Protein chains: 2
Amino acid sequence: MPSPFANTTSPEGNISRMESAVSDKPLTTGKRREPYEQKRERAIRAAATVFAEKGYHGATTKDIAERLGIRQGSLYYYFRSKEEALEEVCILALRDYVGRMENITHSNKTFADKILDVVHSHLNSYRDDNEALKVHNDQRLYLPEERRERIKRDGSHYRKMLEDLFRAEIAKGAIPQNIDAQFAAQSVIGLCNSWGALLVRDDDIDMERLAERCSDLILNGCCYRPDHTFQSQP
Amino acid sequence: MPSPFANTTSPEGNISRMESAVSDKPLTTGKRREPYEQKRERAIRAAATVFAEKGYHGATTKDIAERLGIRQGSLYYYFRSKEEALEEVCILALRDYVGRMENITHSNKTFADKILDVVHSHLNSYRDDNEALKVHNDQRLYLPEERRERIKRDGSHYRKMLEDLFRAEIAKGAIPQNIDAQFAAQSVIGLCNSWGALLVRDDDIDMERLAERCSDLILNGCCYRPDHTFQSQP
DNA sequence: CTCTGTTTCTATTGACCTATAGAGTCCGCG
DNA sequence: CGCGGACTCTATAGGTCAATAGAAACAGAG
């Protein structure tokens, strides 16, 4: 039996699969079998759901397999270990999350609109990746140090981009000097995470409204007078 | 061997112990043995530490016992089950936390000062009960419904008190009508929890300063101009 | 010192879980 | 058709863990 884990680092899958994906020969007829990477991602999402509900240690590989409709042993065709499954869930959670932040920081909207976008994007991650981001937040520390390096790097990158957003605004003089960019960024992340955790498995919440409220809280606090509302200069 | 779990509901301990505590006969000589309830609380705190570090499912009863300096089997003199230990940790976490909130709401400080006190008290819980509150936040959902009733009640009570704080200020007209008290209260709690989680095991953070910044963020946002700073009327 | 209740210990049971090995099945392709 | 790789299955090894039972150690009161 050929191992599907020929290459150890890339999350893109095994070599033979990659070659066949690159191969110019079109893969014949209509009803194709579901590609490896596609089913593997389904496996990752299944793991995310189970980890979110029961926690990493509380979840069993049997739980994950059942949700996928296969047997416990078969799961190891897609993961080398339960730990790897958790790592993949965390990586998946950060993938689009970080990408969207990059787009936001490079846009030329006003500061206030960027903050709204950040909050909106963050909260939306709890819809799209659903359980994955929750798992990243709550369970990633159960991974051993070596396995957390990439995850830590991505997380720090995200935080730093948000900090720089505040720093730039402070440098422009549009925000008081005494604001601490690190504090502000961490607060935005924390606020979004705590609301996001409540969002999971509660589909009837008005996201737009919530995002507006969150960014408004961050910019103006909950006690501002309308005529004092912050407006950043473009 | 008489079970120390004669009464099933009270967290105050077994009947014979309670009677001896009530007994008027003074309990003789100098070096007293550590009372049951006192050691039990040490056991709860040991459980809190271990649960905080490894998670409920990741922690073993052996871990808890070792931290307490006894053997795994002996732990069952203080807990009927691992689950009960988690429940007790959560109850302990909320005990003083809720009590302090009651004091704050009944004080006659200004709204702004009350919010500062709330934040200060919340963050301080992460120092005093240290791991317990973190365990409550992260692990309580692993308890079965029946065991969570009291915990849910206490948590809701806390949140409601905070909501009422905002509602009263809105009614006074000191805060804009369009502020949602539920949103504001939940945001305060979420912000404090996310900062609190970072506080655990990081002793060199200036708590006073952090509390001020958090309450300032909530009241005025991070982008206020000094002359716009919110001041509630007494 | 002896008696009694308390606390801790050792030893074990039975359940459960991860990971692996190797056989079996399916399907597209030549 | 029948080969070969991809995928899934069964079965099990090897280990860990929660919880219990019963013996032992301990401490204070009479």
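Letters A, B, ... mirror the listed sequences (proteins, then strands); counts begin at 1. Predicted, not measured: the structure shown is a model, and the values here were computed from it.
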Next item on the list: Take atom CD of B:Glu34 and atom C1' of C:dT6, then tell me their distance rounded to the nearest Å.
Entry: 14 Å
Item checked: All side-chain hydrogen bond (donor to acceptor under 3.5 Å, both in side chains) counterparts of B:Arg127, not counting sequence neighbours -> none
Item checked: Under-4.0 Å salt bridge between A:Arg147 and A:Glu88 -> no
Checklist line | Nucleotide D:dA6, atom C1' - distance to CD of A:Glu37 in whole Å | finding: 14 Å
Next item on the list: Figure out the CD/P separation between B:Glu84 and D:dT20, and round it to whole Å.
Entry: 11 Å
Note to self: Below the 4.0 Å mark, does C:dA19 have OP1 or OP2 next to a side-chain nitrogen or oxygen of A:Arg80?
What the structure shows: no
Check: B:Tyr78 side chain: which of D:dC9, C:dA11, C:dT8 is closest?
Finding: C:dT8
Next item on the list: Look at the aromatic rings of A:Tyr56 and A:Tyr142 and report parallel, tilted or perpendicular, splitting at 30° and 60°.
Entry: parallel
Item checked: B:Asp164/B:Lys160 ion pair, N-O < 4.0 Å -> yes
Note to self: Distance check needed: C:dC9 P versus B:Leu75 CG, whole Å only.
What the structure shows: 11 Å
Next item on the list: Output the single nucleotide from C:dT18, D:dA19, D:dT8 whose closest atom is nearest the side chain of B:Gln72.
Entry: D:dA19
Checklist line | Length of the OH-P vector between A:Tyr36 and D:dG5, whole Å | finding: 17 Å
Checklist line | Residue pair B:Phe183 / A:Leu217, side-chain heavy-atom distance below 4.5 Å | finding: yes
Notebook entry, point to check: Does any residue of residues 42-70 of chain A have a heavy atom under 4.0 Å from DNA chain D, and if so, which ones, in number order?
Noted result: A:Ile70
Check: Considering only C:dC9, C:dT18, D:dA19, which nucleotide approaches the side chain of B:Ser74 most closely?
Finding: C:dC9
Check: ring pair (Phe, Tyr, Trp, His ring centres under 6.0 Å) with A:His120: which residues, sequence neighbours excluded?
Finding: none
Next item on the list: Between C:dC9, D:dC7, C:dA19, spot the one nearest the side chain of A:Tyr77, thanks.
Entry: D:dC7
Margin query: Rounding to an integer number of Å, can you tell me how far B:Lys82 NZ sits from D:dA19 C1'?
Written below: 12 Å
Notebook entry, point to check: Does a side-chain N or O from B:Tyr76 land closer than 4.0 Å to OP1 or OP2 of C:dT8, or not?
Noted result: no
Check: Does the ring centre of B:Tyr77 sit less than 6.0 Å away from the ring centre of B:Tyr36?
Finding: yes
